[in-house]
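Comments concern the structure below.
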There are 2 protein chains.
Amino acid sequence: MARKLSTLDPQRLDNQICFAVYSAAHAFNRVYKPLLDRLGLTYPQYLVMLVLWERDDVPVKEIGEKLFLDSGTLTPLLKRLEAAHLVKRTRSREDERQVLIALTTQGHALKEKARSVPQSILAASDCSVSELVTMKDEIVALRDRLNAVIGE
Amino acid sequence: MARKLSTLDPQRLDNQICFAVYSAAHAFNRVYKPLLDRLGLTYPQYLVMLVLWERDDVPVKEIGEKLFLDSGTLTPLLKRLEAAHLVKRTRSREDERQVLIALTTQGHALKEKARSVPQSILAASDCSVSELVTMKDEIVALRDRLNAVIGE
DNA sequence: GACAATTAGATTGCGCGCAATCTAATTAGG
DNA sequence: CCTAATTAGATTGCGCGCAATCTAATTGTC
């Protein structure tokens, strides 16, 4: 016994799962960067495109709920995607408060070019798909518990 | 068998471990925010303080290596910590290129006020310490494999 | 129907996070 | 030595991420 005290100290950087998650997110971002540069996308823009490739003509609100982002982040991001001719923003006719985001032809076409991205990430992860799926599910469960606390 | 195709589609948002990590990092940040507001720190500033509470009088480079951050991020952040009277920045005498970061009395004192933070995070995580340690180790291992790929 | 409350999105301000570039100090090679 | 290459930080520019605030549209209440 008599493990080093430092391995139990909750105030130590290396003992914090949060720092593990924080630094892993940045590591992923650095791996994605060269792949997404070729598509002309940033990682958050890529996430928005993933949402739209699943379902088109979506209100900003719904994109925000799926990605846990608010209008302060999404409005300028979507304007940049529009400037890049990947999406079109139109006020909903039924509810004038909503802005619907629809893919352009180029936006649809980009899905093909992006098809190899997950494969490259998997390779960089250097671990089995089943292991990654298990980890993903655990992390999602943790995230959802954290988000539940925030909503009181 | 004949599982829904969508659960296998690597281009689906919900199947991406990276998005799990990305969104978990933001969830952590939202839980930390009210706790760190009371200390007058942002989360990245808190990370720097954790490093300094472990070892004082550290060059910027070393802080960057521990947190995976570069001078473009750290220089302004450290200037803000200095403006808040938590650290002092001084050029090293042995190597004039280095800037050493030392805690002020207030910076040292803040460690006590921050002692309850990990406990609150643990509570919000709503899961056992051993589970969190296991997850943390897995995520760190994944992060290190990703970072290894970046360095060619 | 009028007015209050809610909702969707836009805007502003600030702090990262990082690429690219710059300066000054140190080290390496001849 | 003396120059070339490397190294530590600083600076600039841009895109998030989010709190706070604002506007306009919709819904709820009487």
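A quick note: this is a predicted structure, and the numbers were derived from the prediction, not measured. Letters go in sequence order (proteins before strands), and every chain restarts at 1.
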**Study point:** Residue pair A:A20 / B:V140: nearest heavy atoms and the distance that separates them
**Key:** CB-CG2, 3.7 Å

Review point. How far apart are the C-alpha atoms of A:K111 and A:M49, what are their side-chain angles, what is the distance that settles it, and do they pass the side-chain contact (heavy atoms from CB on, under 4.5 Å) test?
Key: CA-CA 8 Å; A:K111 184 173 186 179; A:M49 295 304 284; over 6 Å; no

Check your understanding: Within this structure, what is the CD-to-P distance between A:E96 and D:dA25, rounded to whole angstrom?
Key -> 7 Å

Check your understanding: Parallel under 30°, tilted from 30 to 60°, perpendicular over 60°: which one fits the rings of B:F28 and B:Y32?
Key -> tilted

Check your understanding: Salt bridge or not for B:R115 and B:E112, using N-O below 4.0 Å?
Key -> yes

Point to revise | D:dA10 phosphate, OP1 or OP2, under 4.0 Å from B:R89 side-chain N/O | key: yes

Check your understanding: Is A:E82 salt-bridged to A:K88, going by a charged N under 4.0 Å from an acidic O?
Key -> no

Check your understanding: Parallel under 30°, tilted from 30 to 60°, perpendicular over 60°: which one fits the rings of B:H26 and B:Y22?
Key -> perpendicular

Check your understanding: Quick one: A:R97 CZ to C:dG9 C1', roughly how many Å, whole number?
Key -> 10 Å

**Study point:** Nucleic acid contacts - residues 51-66 of chain B versus DNA chain C, non-hydrogen atoms under 4.0 Å
**Key:** none

Check your understanding: With the sugar-phosphate defined as primed atoms, P, OP1 and OP2, and the base as all remaining atoms, what B/S/- string results for nucleotides 15-22 of chain D, 5' to 3', for protein heavy atoms under 4.0 Å?
Key -> SSBB----

Point to revise | Sidechain-backbone polar pair: A:N15 side chain, A:P10 backbone, donor-acceptor under 3.5 Å | key: no

Practice item. Using atom CG of B:L78 as one end and atom C1' of D:dG9 as the other, report the distance to the nearest whole Å. Key: 11 Å

**Study point:** Charged N-O contact under 4.0 Å between B:R55 and B:E62
**Key:** yes

Review point. In whole angstroms, how far is the P atom of D:dT7 from the CG atom of B:D95?
Key: 12 Å

**Study point:** Atom pair distance, as rounded to whole Å: NZ in A:K79 and C1' in D:dC14
**Key:** 17 Å

Check your understanding: For the pair made of CZ in B:R93 and C1' in C:dT26, what is the distance, rounded to whole Å?
Key -> 18 Å

Can you give each donor-acceptor pair under 3.5 Å made by side-chain atoms of residues 34-42 of chain B, sequence neighbours left out, with the distance rounded to 0.1 Å?
residue : atom : partner : partner atom : Å
B:D37   : OD1  : B:K33   : NZ           : 3.3
B:D37   : OD2  : B:K33   : NZ           : 3.2
B:T42   : OG1  : B:Q45   : N            : 3.3

Practice item. Rounded off to whole Å, could you give me the CD-to-P distance for the B:Q98 and D:dT6 pair? Key: 19 Å

